[in-house]
Amino acid sequence: MHVLGAMLLVGLLAIVIPALLSGLPARSVDAGSLTRLGFRTLLLVAIPSWIVMRAGAAWIYSKEGFSGDNDPAWVGIGFITAEPGAALLVIATVLAYVGVRR
């Protein structure tokens, strides 16, 4: 579940980032549809994929019996990258929403 969520998230971001960048008004005549595509993809698929990834990670963490003391380095790296990643997803979604509303 964790790996599936992570793979979906990375794949979707590979679609969303170019769509939002090419949807900038100065670059494209059809900026609105690309911005809407980016916004909908972030809202309906990328954020739920992050939730699936994070829930899977928490499940693995509890199943393996980690307690916070003496955890492997990869656990800390996962926490360090996942939490700010959620903030970036929310910021990108809000910015895409503002772009759609223009």
Side-chain angles (χ1 to χ4, degrees):
M1 191 162 88
H2 171 68
V3 174
L4 175 66
M7 288 173 53
L8 269 171
L9 185 60
V10 170
L12 290 167
L13 291 178
I15 294 169
V16 168
I17 291 171
L20 289 176
L21 290 177
S22 61
L24 294 174
R27 292 185 177 215
S28 174
V29 176
D30 195 19
S33 65
L34 288 172
T35 305
R36 280 190 300 276
L37 170 71
F39 169 68
R40 287 180 182 154
T41 304
L42 282 170
L43 184 65
L44 300 175
V45 188
I47 291 175
S49 295
W50 183 90
I51 293 169
V52 168
M53 177 200 66
R54 190 62 184 86
W59 181 31
I60 292 168
Y61 186 80
S62 68
K63 185 178 176 184
E64 292 296 322
F66 295 124
S67 63
D69 299 328
N70 236 356
D71 287 347
W74 58 266
V75 172
I77 293 169
F79 285 131
I80 289 170
T81 57
E83 304 308 319
L88 290 175
L89 271 176
V90 170
I91 290 169
T93 305
V94 169
L95 290 176
Y97 177 75
V98 170
V100 167
R101 299 303 294 171
R102 282 189 196 174

note = Under a side-chain separation threshold of 4.5 Å, the hydrophobic residues clustered together with L37 are none
inquiry  = How long is the straight-line distance from CG of L13 back to CG of L20, given to the nearest 0.5 Å?
reply    = 10.0 Å
request  = Give the minimum heavy-atom separation between M53 and A82, together with the two atoms involved.
outcome  = CE-CB, 4.1 Å
Gap separating the OG1 atom of T93 from the CD1 atom of I47, nearest 0.5 angstrom = 3.5 Å
ask   = Considering residues at least two apart in sequence or located in another chain, which fulfil the side chain to side chain contact (heavy atoms under 4.5 Å, CB included) criterion with A92?
value = L42
query = Which heavy-atom pair separates L34 from A19 by the least distance, and what is that distance?
reply = CB-O, 3.5 Å
ask   = Between F66 and W74, what is the ring plane arrangement, given parallel below 30°, perpendicular above 60°, and tilted in between?
value = perpendicular
note = In terms of heavy-atom contacts, W50 and G85 come closest through NE1-C, 4.4 Å
message = With a 4.5 Å cut-off on side-chain heavy-atom distances among I, L, V, M, F, W and Y, is there a chain of contacts connecting W59 to V52?
response = yes
ask   = When you look at CE of M7, are more than 12 heavy atoms from neighbouring residues, nucleotides or ligands closer to it than 6.0 Å?
value = no
query = Side chains of Y97 and L43: does their closest heavy-atom pair fall under 4.5 Å?
reply = no
query = Can you get from V16 to I51 by hopping between Ile, Leu, Val, Met, Phe, Trp and Tyr side chains that sit under 4.5 Å apart?
reply = yes
Residue pair H2 / G56: nearest heavy atoms and the distance that separates them = CB-C, 3.7 Å
